[in-house]
Amino acid sequence: MEQHIRQALLAAAPDLFGAPIHESLIQFQQTRRDMEGDLTLVVFPFVKILRCSPQEAGAKLKHWIETHIESVSHCNVVSGFLNIVFTNTYWLEQLNQMQDQPNYGFAPADSKPTVMVEYASPNTNKPLHLGHLRNIFLGASVAEILRAVGHKVVRTQVINDRGIHICKSMLAWEKFSPVNARGERETPANTGLKGDKLVGKYYVEFDRALQIEAKAIMAQWQSGNFSDTPTAIEEAVLNFEKAKEGKDDKAVAALDDKIKELAKNQTQILQEAKQMLVKWEARDPQVYLLWTTMNGWVYAGFDQTYAQMGVSFDKLYYESDTFLLGKDQVMEGIKSDVFYQKPDGSVWIDLTAEGLDEKLVLRSDGTAVYMTQDIGTAIDRFKDFPDLHGMVYTVGNEQDYHFKVLFLILQKLGYAWANNCFHLSYGMVDLPSGKMKSREGTVVDADDLMAEVIEKAKEMTQERGHLEGLDNTAREQLFTQIGLGGLKYYLLKVDPKKRMLFNPEESIDLTGNTGPFLQYAHARISTLLEKAAYSITPLSLTTPMRPEEKEIIKQLAQFGATLEEAAKGYSPALLANYSYELVKLYNTFYQSVKIVIEPDAAVRQFRLALSAKVRQVLAQALGLLGVEAPQRM
RNA sequence: GGUCCCGUAGCUCAGUUGGAUAGAGCAACUGCCUUCUAAGCAGUAGGUCUUUGGUUCGAAUCCAAACGGGAUCACCA
């Protein structure tokens, strides 16, 4: 409709304004809720052309639109704003058209190019936590949204399955795991622990042992005993100690941290872990077997968590396969002068012209760094999926700089698709007690949290839900839907790039702007339609319409545009807010009129049709957020 | 210190091509179930949009600076 009026105005411009006008002068906006009108045209831009007051310009436009646009009932001008009111017939036609589209708002499948969406990307040394939940819900939702606007989507994750952190867990397990009567160390099978939890436990064990050892070394240093310490380290420690004199508390703490780092590096246990990594890289059979076994435990645990979360992947990449990639590209890049080599053999890229720093892309010993690997992996993915058009990396905003550099490098290497790569950067999740820190044990475990919200949903639903006639399986399923729906909605309704506060108590709230609020509306409409034995019929275009009803049709009409915006901005939050608005409008309507028990048949059918469409759009929107829409609750 | 992100009601957040009197939810208070699910609805109260300057008919929104919070600046990943 907006487009229609715009075109008509452009075509009529010579008559109306005496000259053609530029499209940008025609500015539409939503009419304020407290004004009469369905669409508002800003009059001010026309004032200069017409050389008259805003009142006169408004009157002229009002007259022209009222006489030339058929769907317009009437207009009114208020202080430079032309509020246009469409006819009821127009809105009923809109609703009729929506009724005919079961996938209303969605674009045809595979009408847009293939996009790869990466999310989750965990380390295999510890369980998933709250931060992963935001990442995974966000990535999974964006993947669904991109699919809904027509993209073919490949969902993927990179599993960070190698490196010193894994060796720490492995070593601690070998050193500290108790041996049972049958001579076995702890396994998921003989302890009943989830694999990722068991491995995570030994990662913590490692850190504990490391801290004890490091403290002992620092105590020695304090007492002036450097007999076990290389002279270079001894000098460094003494220098830091000297630098502390006369500094404020903050600077002293920073120096103490540096000394502690040195002490940790001197510990026996860290040396052993490093040796283990060397052995792993040399494919030592024993170390490799241990690595395979323990990672296997972790994957089994992760699979369980992903299943509970309701997310999945189309293609997995393992860092142990990809960490050597990218070296060839770097060598190629030296030839084409994208990179340069320093005398020690290390390879760099100079990005100072772009306002960034110099960045290392290959170590002097020829081994790959994180960046090397990401360059290689990106190129590899475009080989794996020849029709791939772009990629979305769901990674926390602490990596903003890394991805800026990565995309720039890919561009300089001459890959046109580098422009279609996007870092879906999201803010950290804080707790009321502050930042999550694994060292301080303030990490919120993903499994525990999900179990907790489901349990809470169970209590609340048993208290006030409508469960009669549901068997136990159906009930458990409903509690899960409500608990996880609430959690997902809570994490997704906030603009991804903003740092957010996670309040465990609010995440399982049921009232206000929450998942269960939306789910409740869906369930309520479902039973309503069931009671009315509703089926779709074309609506009479003369059905009387209340303002609340028109507001709902207007909001429904915005669905497609909102979905497009959400896809363009990679923001599920837009859909969350849209759904919330829709439900609020619907609830107002629901409380003010009769629906099933409405005596007038045409009005009844119209209200049912409206309800049915709200339910369907709501289910679609919630689905894109990964939130399930129960039939009753 | 350089670079990037953020700052809106007591709290959590909306506010997307600059536009009318800046909106929700939570918390507080008042009403509404003998009519379809009250996990709901209607209402009261709560604001220097961090500050200052600039751009313009018009700024929460754009620009600059300051202040506050965070991230990042490794031959770690």
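Each chain gets a letter, A, B and so on, in the order the sequences are listed, and its residues count up from 1. In this text, all values refer to a predicted model and were calculated from it rather than measured experimentally.
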Residue-phosphate contact under 4.0 Å: A:K359 side-chain N/O, B:C75 OP1/OP2: no
Minimum side-chain heavy-atom gap A:Q399-A:Y370 below 4.5 Å: yes
Sugar-phosphate only, base, or nothing, as touched by A:Y370 at under 4.0 Å among non-hydrogen atoms: base
Nearest-Å distance for atom pair CG/P, residues A:D430 and B:G70: 10 Å
Minimum-distance nucleotide (side-chain atoms of A:R464 versus B:A39, B:C73, B:C5): B:A39
Stretch residues 578-591 of chain A: residues that reach within less than 4.0 Å of RNA chain B through a heavy atom: A:Y580, A:K584, A:N587, A:T588, A:Y590, A:Q591
Nearest-nucleotide 5' precedence on RNA chain B, A:Q399 against A:I595: A:I595
Phosphate contact (B:C41 OP1 or OP2) by A:R524 side-chain N/O below 4.0 Å: no
Rounded distance in Å - CD1 (A:I597) to C1' (B:U35): 4 Å
Residues that A:E455 engages under salt bridge (Lys or Arg N to Asp or Glu O under 4.0 Å), provided they are two or more places apart: none
Same-atom distance (P) from B:A45 to B:C36, integer angstrom: 32 Å
Rounded C1' spacing from B:G15 to B:A28 in Å: 25 Å
Length of the line joining A:L360:CG and B:C73:C1', which is rounded to integer Å: 14 Å
A:K554, NZ: over 12 other non-hydrogen atoms inside 6.0 angstrom: yes
Pairs meeting criterion salt bridge (Lys or Arg N to Asp or Glu O under 4.0 Å) with involvement of residues 585-605 of chain A, two or more places apart: A:E598-A:R607
A:R363 side-chain N/O to B:C76 phosphate OP1/OP2 under 4.0 Å: yes
Sugar-phosphate, base or nothing in reach of A:T511, heavy atoms under 4.0 Å: sugar-phosphate
B:C33 glycosidic torsion: syn (within 90° of 0) vs anti: syn
Pairs of donor and acceptor atoms involving the side chains of residues 580-589 of chain A, under 3.5 Å and at least two apart or interchain, shall be tabulated with distances.
{"from": "A:Y586", "atom 1": "OH", "to": "A:S611", "atom 2": "OG", "distance (Å)": "2.8"}
{"from": "A:N587", "atom 1": "OD1", "to": "A:R524", "atom 2": "NH2", "distance (Å)": "2.8"}
{"from": "A:T588", "atom 1": "OG1", "to": "A:K584", "atom 2": "O", "distance (Å)": "3.0"}

Pairs involving residues 156-166 of chain A, ordered by first then second residue, that meet salt bridge (Lys or Arg N to Asp or Glu O under 4.0 Å) (sequence neighbours left out): A:R162-A:E281, A:R162-A:E319
C1' atoms of B:U56 and B:G68, separation to the nearest Å: 30 Å
Distance between C1' atoms of B:U52 and B:U48 (Å, rounded): 13 Å
Single hit among A:Y426, A:F403, A:Y119 for ring pair (Phe, Tyr, Trp, His ring centres under 6.0 Å) with A:Y393: A:F403
Donor-acceptor pair, side chain of A:Q605 and main chain of A:Y534, under 3.5 angstrom: no
Separation of the P atoms in B:U12 and B:G70, to the nearest angstrom: 15 Å
Candidate nucleotides B:C4, B:A77, B:A38, ranked by approach to the side chain of A:R162 - the nearest: B:A77
Per-nucleotide protein contact string for nucleotides 9-21 of chain B, where B marks a base within reach and S marks sugar-phosphate only (heavy atoms under 4.0 Å, - for neither): ---SSSSBB-BBS
Residue met sooner reading RNA chain B from 5', once A:E398 and A:H402 are mapped to nucleotides: A:E398
Touch class at under 4.0 angstrom, heavy-atom based, for A:T461 against every strand present: base
A:S592: partners by side chain to side chain contact (heavy atoms under 4.5 Å, CB included), with sequence neighbours left out: A:R546, A:E548
B:U16 versus B:G54 - spacing of their P atoms, nearest Å: 25 Å
Set of residues satisfying ring-ring contact (aromatic ring centres under 6.0 Å, His included) with respect to A:F422, sequence neighbours excluded: A:Y570
d(CG, A:L351; C1', B:G2) in whole Å: 15 Å
Sugar-phosphate only, base, or nothing, as touched by A:V593 at under 4.0 Å among non-hydrogen atoms: base
Any residue meeting side chain to side chain contact (heavy atoms under 4.5 Å, CB included) with A:Q3, in chain and number order, not counting sequence neighbours: A:R6, A:Q7
Length of the CD-C1' vector between A:E354 and B:G2, whole Å: 16 Å
Pairing residues for A:K456 by the salt bridge (Lys or Arg N to Asp or Glu O under 4.0 Å) criterion, not counting sequence neighbours: none
Side-chain heavy-atom pair A:E564, A:V149 within 4.5 angstrom cut-off: yes
Under 4.0 angstrom between A:Y520 side-chain N/O and B:A39 OP1 or OP2: yes
Per-nucleotide pairing state of RNA chain B [Watson-Crick or G-U, under 3.5 Å; [ ] pseudoknot-crossing; | other strand]: (((((((..((((.....[...)))).(((((.......))))).....(((((..]....))))))))))))....
Whole-angstrom distance between B:C29 and B:C62, as gauged at atom P: 39 Å
A:H423 NE2 to B:C4 C1', straight-line distance once rounded to whole Å: 12 Å
Any pair counted as ring-ring contact (aromatic ring centres under 6.0 Å, His included), so long as it reaches residues 487-508 of chain A, sequence neighbours left out: A:Y490-A:F502
Rounded distance (Å) that lies between atom C1' of B:U35 and atom CG of A:L528: 12 Å
Sugar-phosphate only, base, or nothing, as touched by A:A521 at under 4.0 Å among non-hydrogen atoms: nothing
Atom P, compared across B:U17 and B:C13: separation rounded to whole Å: 23 Å
Euclidean distance, atom CD of residue A:Q605 to atom P of B:C36 [Å, nearest integer]: 21 Å
